[in-house]
Amino acid sequence: MKSLLLHAKEFCYRPVKPAIKEYRDEVKEGEEKCFENALVVFVTVEDQDSANPKGVVSAAVDDIVKHLERVKASSVIIYPYAHLSPRLAPPHVAVKVLRLLEEELSSACKVDVHRAPFGWYKEFKLHCYGHPLAELSRTYTAPPERRSYEKKYLVLTPDGKVYEPEEFLEKADPELRILIEKEALGKELGEAENPVTRLAGKFGFEWEPYSDYGHMRYEPHAALMLEAVARYSWLVAQRLGIPVLRVHGTNMFDLSIKAVREHAELFSDRLYDIWADKKHLILRYAACHQQFAILKDYILSYRDLPLGMFEVADSYRFEQPGELLLSFRLRKFHMPDLHILTKDVDEAIKIVREKVQPVIHEEASKLGRSYVALYNVTSSFWEERFNDILEFVKRDGRPALVSIIPPLYYWVINVEYHIIDAAGRPREIATFQIDIGNAKRFGIKYVDSEDKERHPVIIHTALIGSIERYIYMVLDTAVQEYQKGRTPSIPVWLSPIQVRVIPVKPHDEQLAFAEEVLNKLLEAGVRADIDDRDISLGRRIRDAAREWIPFIAVIGSREVETKTINLTVRKTNDRLSVTIDELLAMLRKELKGYPLVEQTLPVRVSQRPTLAYLEKSVFSAR
RNA sequence: GCCGCCGUAGCUCAGCGGGCAGAGCGCCGGCCUUGUAAGCCGGUGGUCGCGGGUUCAAAUCCCGCCGGCGGCUCCA
C-alpha cells in the first residue's frame with residue numbers, strides 16, 4: 001500500500017462521475033464535502049496487499065495514528081488515489097482494504113474519519129500547510145498471512161489398527177520410523193552431507209547462477225536424462241489402462257480470472273508471479289490450471305469417464321531460498337501431471353486402488369526402491385471413509401503415517417509417497433490426491449445417465465514424482481549401492497551413453513570394424529559413441545568408467561579377427577567376449593518398455609569439448 | 001526467510017598466528033603409437049566471491065553484501 005499524507009488547512013472534494021461499474025461506493029453525484037485542519041491520506045491499494053489485508057491496514061493505522069498526534073489534525077480523510085503505484089490491486093480488493101482501513105482507523109483514533117468514495121472521478125481542492133511534517137509519503141507492507149492449523153498424527157496399519165505415533169515408533173520399520181520422527185514428532189535430523197546432489201552435478205545437473213534461485217540448467221548428460229524421464233512418464237501414464245489425452249499448455253495464467261485467483265489463494269506465498277503489460281500473471285505450480293481450462297470446454301458424458309489428461313508441465317513454485325535442493329526442491333521443475341476425471345468419490349477411490357496405486361509402487365520397485373506413505377486426510381474423510389483409507393494402506397502393504405487436517409484445500413485425501421534417501425531424509429516422490437472442489441471452481445461438467453449435469457471428482461497424480469525428483473531417486477539409489485560397497489550405476493535406459501566403443505588403435509582396420517559395430521548399435525536406437533582419441537587405451541577406459549557408461553566395447557586386432565567385441569559390463573564388473581548380435585540382444589532386454597531417446601552429444605568423443613562436470617569427483621570423502 | 005559453516009585456476013584442493021598466489025588434474029605444444037581405471041617432457045591458466053575498513057603491507061584480520069552447503073520454518 002502506497003500513501004501520501006498531506007496535512008491540509010483546507011480540503012474539499014466533489015464526485016464528478018462514476019469511473020467503474022462494479023464495486024463502486026454509492027454517493028450523491030456532485031455533492032461537495034469540505035474539511036479544515038485535516039490529514040488527507042491518499043491511498044493506493046497494491047496487488048500484493050491482497051495477501052494480507054489486515055496486516056497492511058494495521059501497519060497503516062499505526063503509522064497514521066502516530067502522525068495524527070504529531071500534526072494535531074482534527075479529522076482524517078481517506079482518499080482513494082490510484083496513481084501512486086503501477087501494480088494496483090483489483091477493485092474488489094481495493095474497496096475491501098479501504099473500508100477496513102476506515103473501520104480500523106475510526107476505532108484507533110479520536111478524530112473523525114471520513115472516506116472519499118471509491119470508483120468515482122473526483123475533483124478536489126487542497127491547501128497544504130508548509131510545516132516540515134505536512135507532506136509525507138509512505139509504503140505499508142505486511143508479510144502474507146500464514147494459515148496455521150492443528151494437525152493430528154496417527155499410524156494406521158494394514159490390519160486396521162490405529163496407533164499414536166509415539167506408541168508405534170518401536171514397532172515401525174526403520175524407514176517409517178524416520179518419517180514419523182520427522183513429520184509427526186518434529187525431531188531434528190542433525191547435520192548430514194547430501195551425496196546425491198554431488199552426484200547430480202557429475203551428470204551435469206547444475207544451478208544456473210544467471211537466473212533466479214532454484215533454477216537449474218541441464219548440460220548434455222543431464223538434458224538426456226531429463227528428456228528420457230519425461231518421455232517415460234508418458235509411457236507410464238498410458239499403462240494405467242484408462243484413456244488419457246496428452247496436451248501441451250502454457251505456464252502463465254491471469255490472476256484476474258476468478259478460478260485462477262481462487263486456486264492461487266490456496267497456494268499463498270509460494271506463488272511465483274510476474275507482471276507484464278499491467279497484467280498480473282502467475283506461473284503455474286503444476287498442470288492443474290491448464291488442464292482444467294481445457295476440460296471446462298469439453299462436452300463430457302458419464303460414458304467418457306474415467307478420462308485422464310496428461311502433460312509434462314514446466315512448473316514454478318516460489319520456494320524460500322534456504323530450502324532449495326538441487327534436483328529436488330526447485331523454483332522451476334517439470335511435473336508429469338496426470339488428472340483423471342471420475343464420476344464420484346467412489347469411482348475415484350476405485351481407480352486409485354486398481355490403477356494408480358499399483359503403478360506408483362511398481363515404478364519405485366523397478367528402481368529397487370519402496371515408498372513409505374504419509375496420508376493427509378480431512379477429518380470428515382477420515383471418519384466417513386475409514387474403510388477406504390484402510391484399503392489403500394493394505395495395498396501399500398505397510399503401515400502408514402496419517403495426518404488429519406481441517407478441510408482447507410480442495411482435496412479430501414492427499415497421499416505423499418516418500419523414500420528415505422542416502423542422508424536419512426524422507427523425500428516425497430510420488431503422490432495422488434482426490435479433489436472434490438476444482439471441477440466446480442473451473443466449471444468442468446459431465447452429463448450423467450439421468451441427463452443431469454454433474455461435476456466430476458478429479459484424481460491428481462504424479463505417478464513417478466516430478467522429473468527432477470525421479471532423477472533424484474535414481475541417483476540416490478546409486479549412492480546407496482556405493483554405500484553398500486557395490487559399483488554404483490544408473491539404469492541403462494537412462495544412461496546418457498549406453499555403449500562406448502573403443503578401438504585399441506584408433507587408426508587402421510580396427511577403426512573400421514569399430515565403426516561398423518557403432519553403426520549397428522546406432523541403427524538399433526542405442527545411444528553409442530566411439531572414443532577415437534589418439535591416447536592410451538587405459539586412459540580411454542578410465543574416462544568411460546568415470547562417465548558411468550554401462551557397456552564398454554573394446555575392439556582390437558583380436559576382435560577384428562574373430563568379429564567379436566570385448567565387453568566390460570559396469571554393473572556386474574564382468575568382462576565378456578560377445579558378438580554384435582549378442583550385445584544387441586542384451587541391450588534389447590534392458591531397454592524393453594523404456595523410451596529410445598536420441599543422444600545429446602557428438603558420436604565421436606574426439607569432437608566433444610572437455611565437459612567440466614564429468615570431472616567432478618563424487619565420492620571424495622570415504 | 002531464520003541460525004550455523006563455507007567461497008583460492010575450468011575441476012579437486014593446499015596456503016589463512018599478515019610479507020612475491022601454489023599442487024594435481026584439465027587445457028596447449030612436442031615426443032610416444034597404444035590390449036583394460038591417469039605414457040613421458042614442456043608450457044598455459046587467478047579481480048583469492050563483491051565492496052569497504054585496519055595496516056608500511058591483506059587470500060589471510062574486521063564490517064557489510066552476494067552466493068553455496070547444512071539445519072530450522074515451509075512443503076497447497
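Values in this document were obtained by computation on a predicted structure and should not be read as measured data. Letters go in sequence order (proteins before strands), and every chain restarts at 1.
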Item to check | Selection: residues 421-444 of chain A, any non-hydrogen atom under 4.0 Å of RNA chain B | outcome: A/R425

Checklist entry - Is any side-chain N or O of A/E188 under 3.5 Å from a base N or O of B/G70, one able to act as donor and the other as acceptor? => result no

Item to check | base_contact_polar (B/U12 base, A/E615 side chain, donor-acceptor, <3.5 Å) | outcome: no

Checklist entry - Is any side-chain heavy atom of A/P496 less than 4.5 Å from a side-chain heavy atom of A/I490? => result yes

From [options], nucleotide with atom closest to [X] side chain:
X      : options             : value
A/R198 : B/U12, B/C72, B/G39 : B/U12
A/K182 : B/A37, B/U33, B/C72 : B/C72
A/R329 : B/C75, B/C25, B/C27 : B/C75
A/T610 : B/G26, B/U33, B/C74 : B/G26
A/R270 : B/C75, B/G39, B/G10 : B/C75
A/R539 : B/C74, B/G35, B/A38 : B/A38
A/H507 : B/G35, B/U33, B/A38 : B/U33
A/I541 : B/A37, B/U33, B/U12 : B/A37

Item to check | Residues that A/E428 engages under side-chain hydrogen bond (donor to acceptor under 3.5 Å, both in side chains), provided they are two or more places apart | outcome: none

Next on the checklist: Partner lookup for B/G39, please. Criteria are Watson-Crick or G-U wobble with both distances under 3.5 angstrom; report none if nothing qualifies.
Outcome noted: B/C31

Item to check | Length of the line joining A/K505:NZ and B/G35:P, which is rounded to integer Å | outcome: 8 Å

Next on the checklist: Under the salt bridge (Lys or Arg N to Asp or Glu O under 4.0 Å) definition, can you give me all pairs with a residue in residues 405-421 of chain A, not counting sequence neighbours?
Outcome noted: A/D421-A/R427

Item to check | Reading 5' to 3' through nucleotides 64-69 of chain B, protein heavy-atom contacts under 4.0 Å coded B for base, S for sugar-phosphate only, - for none | outcome: ---SSS

Next on the checklist: Suppose we screen for ring pair (Phe, Tyr, Trp, His ring centres under 6.0 Å). Which residues come up paired with A/W382, at least two apart in sequence or across chains?
Outcome noted: A/F386

Next on the checklist: Can you list everything that forms a ring pair (Phe, Tyr, Trp, His ring centres under 6.0 Å) with A/F513? Sequence neighbours excluded, please.
Outcome noted: none

Checklist entry - So, is A/S536 near the phosphate of B/G39, with a side-chain N or O under 4.0 Å from OP1 or OP2? => result yes

Item to check | 5' priority, RNA chain B, between A/W411 and A/S557 [closest heavy atom] | outcome: A/S557

